[in-house]
Amino acid sequence: MSLEGKTAIVTGASHPQGIGAATAAKLAGLGAAVALVDLESADAELAERVAGIVASGGRALALSADVTDTGSVQSCVAAVAEQLGPPEILVNNAGVGIGSHRLLENSEEIWAQTLAVNLMGVNRFTCAVIAHMQAAGGGVIVNNSSMAGLGALAGIPAPYTASKHAVIGLTKAVALEFGGDNIRCVAICPGSVKTRLYDQVIKFHMDTHGVSFEHAQQMEAGLIALGYSCEPEEVADIVAFLVSPAARYLTGVTIPIAGGLAPGL
Ligand SMILES: NC(=O)c1ccc[n+]([C@@H]2O[C@H](COP(=O)([O-])OP(=O)(O)OC[C@H]3O[C@@H](n4cnc5c(N)ncnc54)[C@H](O)[C@@H]3O)[C@@H](O)[C@H]2O)c1
């Protein structure tokens with residue numbers, strides 16, 4: 001699998017333990033020039049991720065953009081095109097998991113912020129790269145949904161669940177409309193990945209069942225057929241396949257990356 005000559009954008013790529021950082025490192029390792037994008041507040045972390053990729057012989061660039069702001073997203077994509085070349089790979093990974101697992105405790109602001117990042121952020125970046133991909137003769141967009149995009153899971157806030165279901169609908173609409181331009185669009189549904197969001201799920205088990213952190217981790221692992229929560233790199237490996245030419249006939253699909261975690265209701 002080689003991504004030599006391709007330019008990729010990965011959003012939400014700053015945190016060392018995040019799926020975005022692992023994905024950016026993986027794509028760079030396969031030869032892509034990668035733009036790592038995150039909020040301005042994450043600039044120092046982004047710079048570290050980029051330095052790590054460059055030290056391993058890769059090509060990378062750190063850029064700040066707020067996916068809730070159309071102007072910021074458009075400037076970011078223009079900067080990528082100018083500095084690394086037109087983006088042919090987009091990984092819409094930025095996301096937030098805010099709010100309460102109790103529906104009535106979620107304010108309109110929580111709903112608005114969740115949808116602005118998790119759904120509209122995906123739409124904004126997608127709209128901003130389409131013309132570049134059309135000019136390049138094609139491209140691939142991977143949208144990071146969630147197993148909470150396939151069903152409701154205990155402990156997960158309703159705004160998050162709704163936003164991640166919507167991402168799957170958006171993925172299908174983009175795949176249908178732009179298939180003729182050789183632009184593929186797929187959604188991934190990670191299940192239990194050891195990142196900051198995972199810590200929130202473990203805390204839910206701890207609070208609900210009055211158990212220790214270790215016990216809560218075992219409870220979570222017990223829900224998974226393969227018996228463990230995965231590392232971000234295990235998601236990144238599958239994203240690398242999805243954006244590669246080996247997956248060229250795959251579009252509009254939703255891929256659970258969950259070790260056999262049962263979909264929720
Ligand atoms: N960890 C899991 O178990 C899991 C499971 C299913 C889906 N996911 C999804 O994976 C993606 C990555 O999450 P993660 O677990 O690596 O956590 P993470 O918190 O490390 O990653 C999310 C990133 O998005 C960035 N972000 C948030 N709001 C933004 C905005 N307005 N503009 C730009 N960037 C913004 C954050 O700064 C952060 O770096 C998310 O979309 C999440 O919903 C994670």
Side-chain angles (χ1 to χ4, degrees), residues 9-25 35-46 48-49 62-73 75-77 91-99 112-125 128 142-151 153 155-157 159-168 170-171 187-205 217 220-221 223-224 228-236 238-239 254-259 261 263-264:
I9 298 175
V10 181
T11 68
S14 68
H15 196 265
Q17 258 182 292
I19 295 170
T23 302
L36 288 80
V37 178
D38 213 304
L39 291 165
E40 206 177 330
S41 55
D43 272 357
E45 284 188 316
L46 271 183
E48 266 187 58
R49 304 285 82 69
L63 286 169
S64 348
D66 181 344
V67 303
T68 68
D69 177 340
T70 303
S72 159
V73 169
S75 313
C76 173
V77 171
V91 182
N92 277 314
N93 170 74
V96 288
I98 52 177
Q113 179 64 11
T114 302
L115 292 169
V117 178
N118 293 4
L119 173 62
M120 290 307 294
V122 171
N123 182 53
R124 288 187 188 95
F125 256 99
V142 175
N143 295 330
N144 197 345
S145 174
S146 168
M147 285 302 278
L150 291 173
L153 296 162
I156 306 289
Y160 184 85
T161 302
S163 70
K164 294 298 190 177
H165 275 68
V167 165
I168 292 174
L170 175 59
T171 300
I188 57 166
C189 293
S192 185
V193 190
K194 289 186 175 173
T195 70
R196 286 181 290 187
L197 286 178
Y198 165 84
D199 292 344
Q200 287 178 26
V201 173
I202 296 303
K203 186 162 183 323
F204 172 78
H205 290 319
Q217 281 188 306
E220 176 76 357
L223 302 171
I224 301 166
Y228 70 97
S229 299
C230 78
E231 299 297 331
E233 288 72 18
E234 297 178 87
V235 176
I238 294 170
V239 173
T254 301
I255 313 276
I257 308 179
L261 174 72

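Each ligand, and each atom within it, is numbered from 1 in the order the structure gives.
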[X] N/O to ligand 1 N/O under 3.5 Å:
| X | answer |
| --- | --- |
| G18 | no |
| T195 | yes |
| V67 | yes |
| M147 | no |
| Q17 | no |

Region of A42 engaging ligand 1 - heavy atom pairs below 4.0 Å:
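It is neither part, as no heavy atom is under 4.0 Å.
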Between V96 and ligand 1, which part of the residue brings a heavy atom under 4.0 Å of the ligand: side chain, backbone, both or neither?
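Within the 4.0 Å criterion, V96 contacts ligand 1 through side-chain atoms alone.
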Hey, looking at atom 18 (P) of ligand 1, which of H15, K194, K164, R196 has the closest heavy atom?
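Ranked by closest heavy atom to atom 18 (P) of ligand 1, first place is R196.
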Heavy-atom distance to atom 33 (C) of ligand 1: which of G12, A65, P232 wins?
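Heavy atom nearest to atom 33 (C) of ligand 1 belongs to A65.
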Note the single closest protein heavy atom to [atom], along with its residue, its atom name and the distance in Å.
| atom | value |
| --- | --- |
| atom 30 (C) of ligand 1 | L39 CD2, 3.5 Å |
| atom 3 (O) of ligand 1 | V193 N, 2.9 Å |
| atom 37 (O) of ligand 1 | D38 OD1, 2.6 Å |
| atom 5 (C) of ligand 1 | G191 O, 3.5 Å |
| atom 16 (O) of ligand 1 | I19 N, 2.8 Å |
| atom 40 (C) of ligand 1 | N93 O, 3.2 Å |
| atom 43 (O) of ligand 1 | Y160 OH, 2.6 Å |
| atom 31 (N) of ligand 1 | D66 OD1, 2.8 Å |

Taking [X] for the side chain and [Y] for the main chain, is one N or O donor matched with an acceptor at less than 3.5 Å?
| X | Y | answer |
| --- | --- | --- |
| D66 | T68 | yes |
| N118 | V96 | yes |
| D38 | A13 | yes |
| T11 | A94 | yes |
| R124 | A116 | yes |
| E234 | E231 | yes |
| K164 | N144 | yes |

Within 6.0 angstrom of E40 CD, more than 12 heavy atoms from elsewhere:
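No, not enclosed.
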Is there a side-chain hydrogen bond (donor to acceptor under 3.5 Å, both in side chains) between S192 and E220 once you walk through the steps?
CA-CA 8 Å; S192 185; E220 176 76 357; 2.7 Å; yes
Does ligand 1 have any atom sitting under 4.0 Å from a heavy atom of [X]?
| X | result |
| --- | --- |
| G149 | no |
| S14 | yes |
| S145 | yes |

Test side-chain hydrogen bond (donor to acceptor under 3.5 Å, both in side chains) on D43 and S64 and set out the steps.
CA-CA 7 Å; D43 272 357; S64 348; 3.0 Å; yes
Is the shortest heavy-atom distance from the side chain of [X] to the side chain of [Y] under 4.5 Å?
| X | Y | value |
| --- | --- | --- |
| L150 | I168 | yes |
| L153 | F204 | no |
| Q217 | Y198 | yes |

Would you mind running through ligand 1 and noting each atom that sits below 4.0 Å from a heavy atom of S146?
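Here the atoms of ligand 1 in question are 6 (C), 7 (C).
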Please could you name the atoms of ligand 1 that V117 approaches to less than 4.0 Å, counting only its heavy atoms?
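Listed by number with element: 28 (N), 31 (N).
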